[in-house]
Amino acid sequence: MDLLSCGKVTVFPQPKAGTSIFTRNSRLNLHSGLSSLHSLKLSSGKYKLQLKSRVPSKKLQHPYALAARQDYPQNADLPRQYSKREKKPFPIPIVELRRAARARAKNRSGQPRRPVPPPKRGLLVKNLIPVAYDVLNARITLINNLKKLWKVVPVHACVFCNEIHVGPVGHRFKSCKGPDSAFRKGLHEWTNAALEDILLQVEAYHLFDRLGKRIRHDERFSIPRIPAVTELCIQAGVEIPEFPTKRRRKPIIRIGRKEFIDADESDLPEPDPPVPLKPILTEIPDSEIVAPSNEEETVLLAEETLQVWEKMRGGARRLMMMYPVRVCGYCPEVHVGPSGHKAQNCGAFKHQQRNGQHGWQAAVLDDLIPPRYVWHVPDVNGPPLRREFKSFYGQAPAVVEICVQAGAAAPEQYKPTMRLDVGIPTSIREAEMVV
């Protein structure tokens with residue numbers, strides 16, 4: 001067997017005599033030659049393997065050991081779900097932020113000031129404009145492809161709660177927390193899901209000037225709300241005639257910490273009318289959606305859907321590094337801009353003490369594009385999921401699970417949470433024997 005198929009191979013010095021060669025959970029039998037290498041296929045982390053041979057060889061006389069490494073863990077838990085009474089943690093703890101600020105202040109003493117990023121000066125980042133168009137088109141392509149796969153892969157939604165399930169039959173887990181769940185003993189009542197159940201519509205206010213004054217409470221109904229990903233793309237350079245935005249050709253002039261004036265652009269020629277850099281796709285109406293005709297077409301469509309899903313998330317992550325996005329620490333409200341709005345529409349726990357104001361903090365990618373985890377079905381044609389074996393099943397984002405059931409290969413970064421290498425017991429007695 002080729003050792004390179006197990007992952008990246010790194011050479012380490014041979015350990016001293018008397019030290020043990022280890023794996024994560026079990027020890028290798030060194031006297032059996034290389035027969036234990038098959039255990040590295042489904043494992044992770046870093047392993048040291050001492051090579052021994054009964055026949056002396058010049059290549060094996062060199063005192064070195066080999067280590068195999070994989071980038072993703074074998075099994076991983078899902079992100080923690082916080083209750084409605086808990087505040088979301090900051091992406092970077094406050095202590096770390098203060099420590100980094102002190103280090104920056106200490107290092108830049110006597111050194112020239114670093115240049116201010118273009119978004120803080122009212123300008124665009126030129127090399128991110130094509131990325132913004134790609135993210136917007138990837139989002140529209142994702143919606144159109146999901147509408148087509150939806151006719152092949154059944155998706156169920158609970159009538160009383162927000163849980164969904166991808167598969168021919170809804171699961172029987174007692175996890176419903178909706179109204180009258182006690183009378184139903186926590187069982188779900190399944191119905192057909194909608195596109196909004198798979199792709200959560202996170203909306204944000206559209207800003208004509210991203211550096212302008214903050215939105216007041218009395219302006220909350222006069223300003224349009226659009227998908228947050230679309231607003232992020234508009235601020236990054238996408239031109240949409242329905243949602244105009246202010247574009248500056250000269251950096252702003254700061255006259256205070258929070259006050260600035262626009263530079264005089266009278267000496268510049270008249271700007272050309274805004275024209276999209278790339279053609280923007282449109283969503284296909286539901287009446288014109290055509291399902292894939294055969295299995296091969298379904299697999300190709302599922303693979304394309306996974307590609308645009310990763311393209312949208314990867315591009316949005318790049319945009320968020322330059323264009324800040326805020327999220328409320330108590331509710332799912334998202335605001336695309338340097339500072340959050342002043343609308344007092346937060347209805348989370350103890351919002352009366354804050355007079356309905358949001359607790360803004362830096363957002364992460366999952367706040368902008370929620371992954372919407374669902375249970376992974378190991379075998380679509382096999383028996384349905386059993387609640388006795390719930391701890392053996394994994395989960396994956398709804399988009400990924402739909403594509404996997406349609407025939408696409410599971411991406412590497414989602415395999416740890418899907419638990420593809422965990423065996424499913426065949427009986428309750430066998431499940432009880434698992435340590």
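The basis for the numbers below is simple: all heavy atoms, side chains too, and nothing from hydrogens, waters or symmetry mates. For this chain, numbers begin at 1 and follow the sequence in order.
- In this structure K151 satisfies the side-chain hydrogen bond (donor to acceptor under 3.5 Å, both in side chains) test with no other residue, sequence neighbours excluded.
- The side-chain hydrogen bond (donor to acceptor under 3.5 Å, both in side chains) test applied to Q357 returns no partner, not counting sequence neighbours.
- Applying the salt bridge (charged side-chain N to carboxylate O under 4.0 Å, His left out) test to every pair with at least one member in residues 310-329, sequence neighbours left out, gives these pairs: R313-D366.
- Evaluation of the salt bridge (charged side-chain N to carboxylate O under 4.0 Å, His left out) rule for E203 yields R225 as partners, not counting sequence neighbours.
- Using a 30° and 60° split on the angle between ring planes, H358 and W360 fall in the tilted class, from 30° to 60°.
- If you check the side chains of Q235 and T245, you find no donor sitting under 3.5 Å from an acceptor.
- Separating the OG1 atom in T141 from the CG atom in L281 is a distance of 4.5 Å, to the nearest 0.5 Å.
- Among residue pairs with one or both ends in residues 111-130, none qualify as side chain to side chain donor-acceptor pair (under 3.5 Å); sequence neighbours excluded.
- Counting heavy atoms from C-beta outward, V400 and P411 have side chains that approach closer than 4.5 Å.
- Using a cut-off of 4.0 Å between Lys/Arg side-chain N and Asp/Glu carboxylate O, K246 and D262 are scored as salt-bridged.
- For the pair K278 and P130, the minimum side-chain heavy-atom distance is below 4.5 Å.
- With sequence neighbours left out, D264 forms a salt bridge (charged side-chain N to carboxylate O under 4.0 Å, His left out) with no residue at all.
- In this structure, the ring pair (Phe, Tyr, Trp, His ring centres under 6.0 Å) partners of F173, at least two apart in sequence or on a different chain, are H171, W375.
- Counting only N and O atoms by type, the side chains of E219 and S222 include no donor and acceptor under 3.5 Å apart.
- In this structure, R98 has no salt bridge (charged side-chain N to carboxylate O under 4.0 Å, His left out) partners at least two apart in sequence or on a different chain.
- Side-chain contact between Q395 and V374 is absent, with no heavy-atom pair separated by less than 4.5 Å.
- Scanning for side-chain hydrogen bond (donor to acceptor under 3.5 Å, both in side chains) contacts around Q307 gives an empty result, with sequence neighbours left out.
- Checked against side-chain hydrogen bond (donor to acceptor under 3.5 Å, both in side chains), H351 has no partners two or more places apart in sequence or in another chain.
- For the salt bridge (charged side-chain N to carboxylate O under 4.0 Å, His left out) test, no residue two or more places apart in sequence or in another chain qualifies with E304.
- For H156, the ring pair (Phe, Tyr, Trp, His ring centres under 6.0 Å) test picks out no residue, with sequence neighbours left out.
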